Amino acid sequence: MQLTTQPTGTPVTATYWMSHAWLGTHVEPGVLLDVAGGRIAGVRTGIDTPPPGATPLHGLTVPGLANTHSHAFHRALRSTVQVGSGTFWTWRELMYRTASRLTPDTYYDLARATYAEMALAGITAVGEFHYLHHAPGGTPYDDPNAMGEALIAAAAEAGIRITLLDTAYLAAGFGEKPSRHQLRFSDTTADAWAERASLLKGDDDLVVIGAAIHSVRAVPAGQLATVARWAQERAVPLHVHLSEQTAENDACLAAHGRTPARLLADHGVLGPHTTGIHNTHLTAEDIELLGTSRTGTCMCPTTERDLADGIGPATALQGAGSPLSLGSDSHAVIDLFEEARAMELNERLRTHVRGHWTAAALLRAASAEGHAALGRPDAGVLEPGAPADLATVALDSVRTAGPVPRLAAEAAVFAATAADVRHTVVAGRHIVRDGRHTRIEDVPGALASAVAALYA
């Protein structure tokens with residue numbers, strides 16, 4: 001069935017036959033999935049061959065993956081920042097220079113190509129942590145949300161869902177005014193941020209408008225509650241970079257006499273609709289605060305190791321009650337299978353013990369838990385009523401061939417890469433078919449052009 005002719009927003013009716021499907025606890029052969037109105041209408045097992053009219057998906061089909069944390073413009077930094085040495089803070093200067101070159105048009109081009117790369121990797125929803133709001137120098141565009149709307153349009157064109165986490169970024173540090181590069185991030189006050197963010201609208205079920213606090217160093221303590229209240233009143237996700245660097249912790253202790261997690265707790269930021277990004281350098285009390293409040297944790301292992309940030313206490317956080325999700329963050333690579341196994345392998349390196357999470361648990365972090373963190377708690381499962389978002393991983397590539405089908409989940413998590421994704425379906429629409437994007441013919445060319453335009 002040809003689904004690519006369906007315009008965005010048109011309900012889709014389709015039937016997909018999956019040679020193997022991960023049903024949350026096990027791999028099931030021969031599964032038929034009916035789609036109506038962009039949602040899963042029925043799941044039937046024991047179907048050995050695709051019936052007439054069904055679209056076959058050969059390989060292991062899993063729920064569409066959720067990239068919980070993205071900065072789309074960081075895709076332009078790939079490889080460029082691998083020259084020489086340094087720290088997170090020197091990397092940040094290179095990031096600022098790239099950010100200063102973006103316009104709404106060039107950001108749309110870059111984000112469209114980046115989100116298409118995500119679709120090719122089996123990602124059906126992205127959490128875009130968006131703080132690039134204004135023109136260089138801080139002057140608002142005629143449309144004050146031109147940059148955010150460019151991201152929403154880019155995701156629609158690439159065929160994936162987006163949770164636009166409009167970010168309050170008001171200061172360079174504790175008591176410091178924004179730097180020259182940071183002026184375009186800042187709305188000057190949380191009230192002004194809230195006024196602008198309130199103008200953003202999600203026009204269909206593919207778009208969620210959420211909120212973010214960049215970090216405790218970027219939003220003055222007295223204004224944290226304003227951002228938290230905005231999100232709480234709308235019952236939308238709230239994300240925050242938390243304790244990514246020890247320098248941030250030290251500065252927070254010096255300024256407020258408490259850790260960043262405690263500062264957020266004291267101002268009403270933590271809770272089940274909030275996700276801390278990284279959560280790397282935490283005290284035992286911090287872990288308890290996050291766990292007991294059911295604040296989520298988004299681990300971004302490929303970025304955390306790329307920036308030499310450290311290994312966060314993921315097992316302790318989950319044990320305390322903090323749900324785990326995954327993100328590609330700076331897009332050193334875009335590969336949620338790599339993020340999932342890196343979380344486990346990092347923990348093995350740290351503890352000298354194997355097997356902290358099963359393949360099933362890691363797939364949940366890459367799907368259901370991520371979708372929940374992005375405001376879609378009904379997504380990330382292959383069950384009636386859930387969004388019809390799927391990703392199919394080849395089981396016959398040089399990386400995945402060999403294991404028996406019942407170990408297909410282990411093959412996907414511990415051996416597959418984004419290059420093994422053969423199909424991606426979003427709201428029932430076939431966005432990636434046989435490894436090719438159905439809407440953007442040349443994704444590598446689009447990426448190359450978009451990046452080159454920033455340095456012309």
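Owing to the predicted nature of the structure, the values given are computational and were not obtained by experimental measurement. All values below were derived from every heavy atom in this structure, side-chain atoms included, with hydrogens, water molecules and symmetry-related copies excluded.
A salt bridge links Arg262 and Glu285; the closest N-O separation between the charged side-chain nitrogens and carboxylate oxygens is under 4.0 Å. We find that Asp266 and Arg258 are joined by a salt bridge, their nearest charged nitrogen and carboxylate oxygen being less than 4.0 Å apart. Using a cut-off of 4.0 Å between Lys/Arg side-chain N and Asp/Glu carboxylate O, Glu369 and Arg364 are scored as not salt-bridged.
At least one donor-acceptor pair closer than 3.5 Å links the side chain of Gln232 to the backbone N or O of Gly268. Under a 3.5 Å cut-off, the side chain of Glu344 and the backbone N or O of His356 do form a donor-acceptor pair. Between the Thr295 side chain and the Leu289 main chain, no donor and acceptor come within less than 3.5 Å of each other. The backbone N or O of Asp309 sits less than 3.5 Å from a side-chain atom of His281, completing a donor-acceptor pair. At least one donor-acceptor pair under 3.5 Å links the side chain of Thr424 to the backbone N or O of Ala119. Although no hydrogens or angles enter the test, the distance criterion places no donor-acceptor pair under 3.5 Å between the side chain of Asp306 and the main chain of Ala332. No donor-acceptor pair closer than 3.5 Å links the side chain of Arg112 to the backbone N or O of Ile440. With hydrogens and angles disregarded, no donor-acceptor distance shorter than 3.5 Å links the side chain of Thr302 to the backbone of Cys300. Counting only distance, with no hydrogens or angles, the side chain of Thr274 and the backbone of Val269 share a donor-acceptor pair below 3.5 Å. Of the possible polar contacts, one joining the His239 side chain to the Ala373 backbone as a donor-acceptor pair under 3.5 Å is found.
Using cut-offs of 30° and 60° on the angle between ring planes, the pair Tyr169 and His214 is tilted. Ring planes of His430 and His423: tilted class, angle from 30 to 60°.
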Legend entry - Residues Glu117, Asp335; criterion side-chain contact (heavy atoms from CB on, under 4.5 Å); working and verdict: CA-CA 9 Å; Glu117 181 182 357; Asp335 187 337; over 6 Å; no

Legend entry - Test side-chain contact (heavy atoms from CB on, under 4.5 Å) applied to Leu324 and Met343, step by step: CA-CA 10 Å; Leu324 298 180; Met343 186 165 71; 4.0 Å; yes

Legend entry - Stepwise side-chain contact (heavy atoms from CB on, under 4.5 Å) check, Tyr107 with Leu151: CA-CA 7 Å; Tyr107 204 6; Leu151 292 167; 3.7 Å; yes

Legend entry - Verdict with supporting geometry, Leu120 and Val443, side-chain contact (heavy atoms from CB on, under 4.5 Å): CA-CA 9 Å; Leu120 289 168; Val443 176; 3.9 Å; yes

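To the nearest 0.5 angstrom, Trp357 atom CH2 is 15.0 Å from Arg341 atom CZ. Taking CD from Glu339 and CG from Asp329, the interatomic distance works out to 8.5 Å, rounded to the nearest 0.5 Å. Taking OG1 of Thr68 as the reference point, atom CD of Glu128 lies at 12.5 Å (rounded to 0.5 Å).
The heavy-atom pair separating Ala168 from Val227 by the smallest distance is CB-CG2, 3.8 Å. Looking at every heavy atom in both residues, Phe174 comes nearest to Val216 through CE2-O, 3.3 Å. A pairwise comparison of heavy atoms in Val35 and Gly428 identifies CG1-CA, 3.9 Å as the closest pair. Smallest separation of non-hydrogen atoms from Pro237 and Thr163: CG-CG2, 4.3 Å.
Taking the ring centroids of His130 and His133, they lie under the 6.0 Å cut-off. In summary, the aromatic rings of His241 and His69 are positioned with their centroids under 6.0 Å apart.
Of the listed residues (Arg376, Arg39, Arg161), just one forms a side-chain hydrogen bond (donor to acceptor under 3.5 Å, both in side chains) with Asp389, and that residue is Arg161.
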